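These numbers come from a predicted model, not from an experiment. The figures here come from the full heavy-atom set of this structure, side chains too, leaving out hydrogens, waters and symmetry mates.
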Amino acid sequence: MNDDYKEHPAGLRPARVVGRCAEGALLLAGVAWAARAVWQVRLSLTGEPASGPPDQGNGVHRKLTGLEDSYHIVSALGDGAALLCVLVFLSWLWRVRDNARAFSGEPPRYAGIWVYVGWVLPVANLWVPRGIVVDVHQKTAPGRPLPLSVNVWWGLWLAGMLSGVGLMYKDSTDEVIERAYTEVWPLLACEAAVVAAAVAGVFVVRAVTAAQDQRMASGTGGPGNGAGAGTESVASGRPRG
């Protein structure tokens with residue numbers, strides 16, 4: 001029987017399967033954003049048609065070219081991949097958060113509502129999601145250094161989010177197409193940050209999940225018994241964040 005369906009003490013539920021799903025969803029989102037970047041390069045190399053940008057102002061939109069129409073499709077698929085990634089990643093985060101509470105016997109640093117609103121509430125979204133992951137790791141493996149991948153992932157996430165053209169587009173798809181014609185390099189830089197954040201996120205999920213698996217396997221699943229449990233993840237090795 002798969003470990004995720006075995007009985008474990010203190011309400012612990014292994015996160016290995018949902019962790020692998022989260023890794024796959026992150027990679028899928030990364031591929032989707034890389035595809036956007038490829039299409040943006042294609043738009044830039046093709047050049048803007050003589051008829052001007054798709055959105056010509058005052059509610060007037062010209063007929064899209066074949067390449068522009070295909071970018072709309074790629075962009076929509078990317079949005080779908082991002083939504084799937086959000087759902088699966090949050091499922092994983094809830095699982096490891098619950099396990100961390102069972103390991104430590106202490107309430108999480110952030111209330112459950114922050115698992116959702118922490119990503120979208122202005123100002124708070126600059127640190128709360130990272131803080132949730134850090135809290136999970138500290139309660140799972142007290143005394144062990146925070147994996148370097150956590151800070152790399154969060155820095156890249158902020159780079160994409162704060163740019164306004166990476167993780168959270170403020171422009172419509174037609175406006176992004178116009179930007180690809182006129183200033184593609186900022187778009188590509190932001191897409192690169194998003195793709196890199198997705199890859200770094202895979203290492204975050206893997207490191208935290210492995211720490212919980214190791215603690216469960218060591219038989220020290222109860223509160224106060226996790227110091228030094230398991231071996232270091234290959235992604236760790238930096239001071240606690």
Query raised in the report: Do Val17 and Arg20 touch side chain to side chain, with heavy atoms closer than 4.5 Å?
Result: no
**Report entry** Path from Val60 to Ile177 over hydrophobic side-chain contacts below 4.5 Å
**Finding:** no
Query raised in the report: So which heavy atom on Trp154 is nearest to which on Trp127, and how close?
Result: CZ2-N, 4.0 Å
Requested in this report: Please confirm whether the backbone N or O of Asp213 pairs with a side-chain atom of Arg16, one donor and one acceptor, at under 3.5 Å?
Outcome: no
**Report entry** Candidates Arg13, Gln212, Arg215 - the one meeting side-chain hydrogen bond (donor to acceptor under 3.5 Å, both in side chains) with Asn99
**Finding:** Gln212
**Report entry** Under 3.5 Å: donor-acceptor pair, side chain of Thr46, backbone of Arg42
**Finding:** yes
Query raised in the report: Using the ring of each side chain (for Trp, its six-membered ring), is Tyr116 parallel, tilted or perpendicular to Trp94, with breaks at 30° and 60°?
Result: tilted
Report task. Please round to the nearest 0.5 Å and tell me the distance separating atom CG of Asp174 and atom NE2 of His61. Result -> 6.0 Å
Report task. Tell me, please, which residues at least two apart from Ala180 pass side-chain contact (heavy atoms from CB on, under 4.5 Å). Result -> Gln40, Leu43, Leu187
**Report entry** Between CD on residue Glu48 and OH on residue Tyr181, distance to nearest 0.5 Å
**Finding:** 6.5 Å
Query raised in the report: Does a side-chain heavy-atom distance below 4.5 Å link Leu12 with Met216?
Result: yes
Query raised in the report: Do Thr173 and Glu68 come close enough that some side-chain heavy atom pair is under 4.5 Å?
Result: no
Query raised in the report: Does any non-hydrogen side-chain atom of Ile73 lie less than 4.5 Å from one of Leu77?
Result: yes
Query raised in the report: Quick check: does any side chain N or O of Thr209 sit under 3.5 Å from a backbone N or O of Arg206, one acting as donor and the other as acceptor?
Result: no
Query raised in the report: So do Ser75 and Val176 actually touch side chain to side chain, heavy atoms under 4.5 Å?
Result: no
**Report entry** Minimum heavy-atom distance Pro53-Arg62, with the two atoms named
**Finding:** O-NE, 3.4 Å
Report summary line: What one should report as the nearest heavy-atom pair of Arg95 and Pro14 is NH1-O, 2.7 Å
Query - ILVMFWY network linking Val96 to Trp119, side-chain heavy atoms under 4.5 angstrom - result: yes
Report task. Find out if a path of hydrophobic residues (ILVMFWY) with successive side-chain heavy-atom gaps under 4.5 Å connects Phe89 to Val117. Result -> yes
Query raised in the report: Shortest non-hydrogen contact from Val205 to Gly19?
Result: CG1-O, 3.4 Å
Report summary line: Value for OG (Ser44) from CZ (Arg179), rounded to nearest 0.5 Å, stands at 13.0 Å
Query raised in the report: To which residues is Trp185 joined in a hydrophobic cluster, defined by side-chain heavy-atom contacts under 4.5 Å among Ile, Leu, Val, Met, Phe, Trp and Tyr, whether direct or through other members?
Result: Val41, Leu45, Val184, Leu188
Query raised in the report: So Trp114 and Tyr110, would you call those rings parallel, tilted or perpendicular, with 30° and 60° as cut-offs?
Result: perpendicular
Report task. Determine whether Val120 and Val88 fall in the same hydrophobic cluster, where Ile, Leu, Val, Met, Phe, Trp and Tyr are linked whenever their side-chain heavy atoms lie under 4.5 Å apart. Result -> no
Query raised in the report: What about Tyr71 and Val31, same hydrophobic cluster or not, with Ile/Leu/Val/Met/Phe/Trp/Tyr joined at side-chain heavy-atom distances under 4.5 Å?
Result: no
Query raised in the report: Should His137 and Thr140 count as side-chain neighbours, where that means a heavy-atom distance under 4.5 Å?
Result: no
Query raised in the report: For Ala81, which residues count as a side-chain contact (heavy atoms from CB on, under 4.5 Å) partner, sequence neighbours excluded?
Result: Leu28, Ala32
Query - Residues Gln138, Leu146; criterion side chain to side chain contact (heavy atoms under 4.5 Å, CB included); working and verdict - result: CA-CA 8 Å; Gln138 290 176 342; Leu146 184 72; 5.8 Å; no
Query raised in the report: Nearest heavy-atom pair of Ala193 and Ala159: which atoms, and what distance?
Result: CB-CB, 4.1 Å
**Report entry** Leu26 side, atom CG; Trp153 side, atom CH2 - distance, nearest 0.5 Å
**Finding:** 9.0 Å
Report task. Mind checking the CG-CZ spacing from Leu90 to Arg97? Nearest 0.5 Å is all I need. Result -> 11.5 Å
Query - Cation over ring face, Arg36 and Trp33, 6.0 Å, 45° - result: yes
**Report entry** Spacing of CG belonging to Asp135 relative to CD belonging to Glu106, to within rounding of 0.5 Å
**Finding:** 8.5 Å
Requested in this report: State, to 0.1 Å, how close Trp39 and Ser70 come at their nearest heavy-atom pair, and which atoms those are.
Outcome: NE1-OG, 2.8 Å
